[in-house]
Amino acid sequence: MKVFVTGGAGYIGSVCVEELLNAGHDVTVFDNLTEGHRSAVDKRAVFVLARASDVETITAAVRHAKADAVVHFAANAQVGESMTNPGKYFRNNVCNGLNLLDAAVAAGVKKFVFSSTCATYGPPDRVPMTEDLPQRPINPYGESKLMFEKMLHWYRQIHGLEFVAFRYFNAAGASEKFGEHHRVETHLIPNILQVPLGRADHVEIFGTDYPTPDGTCIRDYIHIIDLAQAHILALPAGRQGFYNLGNGDGYSVRQVIHVCEKTVGRPIPTVEKPRRAGDPPKLVASAEKAAHELGWKPRYPKLEQIVAHAWRWHQAHPDGYPD
Ligand code: UDP
């Protein structure tokens, strides 16, 4: 298929583009490079440097690509930042996304695959979390993604645009070529690995008084290649709906630090800090729906494998991408 990928120069997008190409699809990457990196774009893909806020350009780009499917990664995705600058999140994740949605309809695209998030649920009533849980986000990031999910529902009903929305839990790890390099890094695993890389002397733990066994937040970490594979499974006609993507295993912040220590073979000093605004205590997925309906099966479900691949990539790219 011809697949149009927004945010294909970003962390999750770059690995998904690589996997789409490996699976034989033709890929056009559309990215403004504010979060992404030019060298994270697989050389086999066509690259369009432009902004989704520019309606004419994005409309022409989707049409020119003759896209059968759109895979939409481009977004802002930091919970903490969304609590201080909500407008950035609603403008980019909702308004700019809407430009893409209209462009997809205008170009006769058959399938829209959307990067949603477990942050659309807010603190869950129970874990593991299934897709039917109520969605009550507690930060503007999660709210912006939920708004886009609702738009997808109406665009399918009114325009017949088939969609799959994946609610990611915590993406982590790397492929051999592509990994995690945010210009401002806020995510746990890359922040921990800064210490053994010699770029930080400790990692901060945000909150040690949560109602969890060791007092730190619990998350479900999922290998970036496994996330990418799910997008390929979403492409065939008839596949449609909302799916959680996680491993069903919860790890606390302290447990993740411990796995990193074992992987790198040395202690990683920590400093305890107050809670970060907008963080739910525990998010763990049930991804049984994706397993049953899409045939999705994670290849790297163990946190040890995920951290090992992240560490391999960071060692090979201690400065991240050059651009
Ligand atoms: N966290 C932390 N120190 C860091 C980065 C993150 O303690 O340097 C915590 C954060 O508060 C959350 C968990 O690690 O409880 C996962 O955070 P991350 O930003 O990686 O992903 P999120 O779950 O927010 O999408």
Side-chain angles (χ1 to χ4, degrees), residues 10-12 35 73 75-86 89 93 115-124 127-129 135 137-146 166-174 179-197 199-224 227 244-261 268-285 303 306-307 310-311 314:
Y11 171 45
I12 304 178
E35 298 290 335
F73 294 103
N76 294 106
Q78 291 172 20
V79 168
E81 183 189 46
S82 81
M83 294 294 283
T84 56
N85 190 358
Y89 282 71
N93 297 0
S115 299
S116 190
T117 166
C118 62
T120 59
Y121 294 109
V127 293
M129 296 157 67
Q135 289 174 292
I138 60 166
N139 51 61
Y141 166 60
E143 188 78 62
S144 69
K145 290 284 184 172
L146 179 57
F166 287 121
R167 296 180 186 146
Y168 306 152
F169 283 63
N170 287 59
E180 188 163 14
H181 173 194
H182 296 106
R183 291 187 182 85
V184 178
E185 191 53 79
T186 63
H187 293 107
L188 180 60
I189 292 175
N191 274 354
I192 298 170
L193 296 178
Q194 290 304 301
V195 181
L197 282 172
R199 298 175 166 261
D201 51 20
H202 65 267
V203 63
E204 296 180 341
I205 299 179
F206 300 140
T208 52
D209 59 349
Y210 284 99
T212 59
D214 68 16
T216 66
C217 283
I218 292 176
R219 294 287 182 274
D220 181 341
Y221 295 85
I222 166 89
H223 198 295
I224 192 87
L227 277 189
N244 290 339
L245 294 179
N247 281 309
D249 294 323
Y251 288 88
S252 71
V253 172
R254 287 193 203 280
Q255 286 175 316
V256 176
I257 293 169
H258 186 60
V259 169
C260 290
E261 288 179 323
I268 296 173
T270 60
V271 171
E272 296 184 5
K273 291 288 195 183
R275 293 181 178 196
R276 189 174 71 177
D279 275 345
K282 183 171 183 180
L283 298 170
V284 179
L303 186 59
I306 296 172
V307 169
W311 180 230
H314 283 291

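Note that ligands are numbered from 1 as they come in the structure, with each ligand's atoms numbered from 1 the same way. Because the structure is predicted, anything quoted here is derived from the model rather than measured. What's counted below: heavy atoms across the whole structure, side chains too, no hydrogens, waters or symmetry copies.
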Which of the ligand 1 atoms, numbered from 1, are nearer than 4.0 Å to a heavy atom of Ile205: 7 (O)
Single hit among Asn93, Thr117, Thr120 for side-chain hydrogen bond (donor to acceptor under 3.5 Å, both in side chains) with Ser144: Asn93
Minimum-distance protein heavy atom relative to atom 12 (C) of ligand 1: Asp279 OD2, 3.8 Å
Minimum-distance protein heavy atom relative to atom 8 (O) of ligand 1: Asn191 ND2, 3.0 Å
Modelled atom types, side-chain donor and acceptor of Glu35 and Tyr11, under 3.5 Å: no
Protein heavy atom at shortest distance from atom 20 (O) of ligand 1: Leu188 N, 2.8 Å
Where ligand 1 meets Glu204 - atom numbers and elements under 4.0 angstrom, heavy-atom basis: 2 (C), 3 (N), 4 (C), 7 (O), 8 (O)
Under 3.5 Å: donor-acceptor pair, side chain of Asn247, backbone of Tyr221: yes
Nearest non-hydrogen protein atom, atom 1 (N) of ligand 1: Phe206 CD1, 3.6 Å
Whether Asp279 side chain and Cys217 backbone form a donor-acceptor pair below 3.5 Å: no
Beyond-backbone contact of Pro269 with Asp201, side-chain heavy atoms, under 4.5 angstrom: no
Ligand-side contact atoms (ligand 1) for residue partner Thr186, heavy atom cut-off under 4.0 Å: 5 (C), 6 (C), 19 (O)
Under-4.0 Å salt bridge between Glu261 and Arg254: no
Region of Val253 engaging ligand 1 - heavy atom pairs below 4.0 Å: side chain
Considering all heavy atoms, the nearest Ala171-Leu227 contact: CB-CD1, 3.5 Å
Geometric N/O contact Val203 with ligand 1, under 3.5 angstrom: no
NE2 (His258) with more than 12 external heavy atoms under 6.0 Å: no
His187 contact mode with ligand 1 (heavy-atom cut-off under 4.0 Å): both
Contact (N/O only, under 3.5 Å) between Cys217 and ligand 1: no
Per-residue contact class, Arg275 against ligand 1 - non-hydrogen pairs under 4.0 Å: neither
Mode of Asn170 contact toward ligand 1 - side chain, backbone, both, neither (heavy atoms, under 4.0 Å): side chain
Closest protein heavy atom (residue, atom, distance) for atom 17 (O) of ligand 1: Arg276 NH2, 3.5 Å
Plane angle bin for His187 and His182 - parallel if under 30°, tilted between 30 and 60°, otherwise perpendicular: tilted
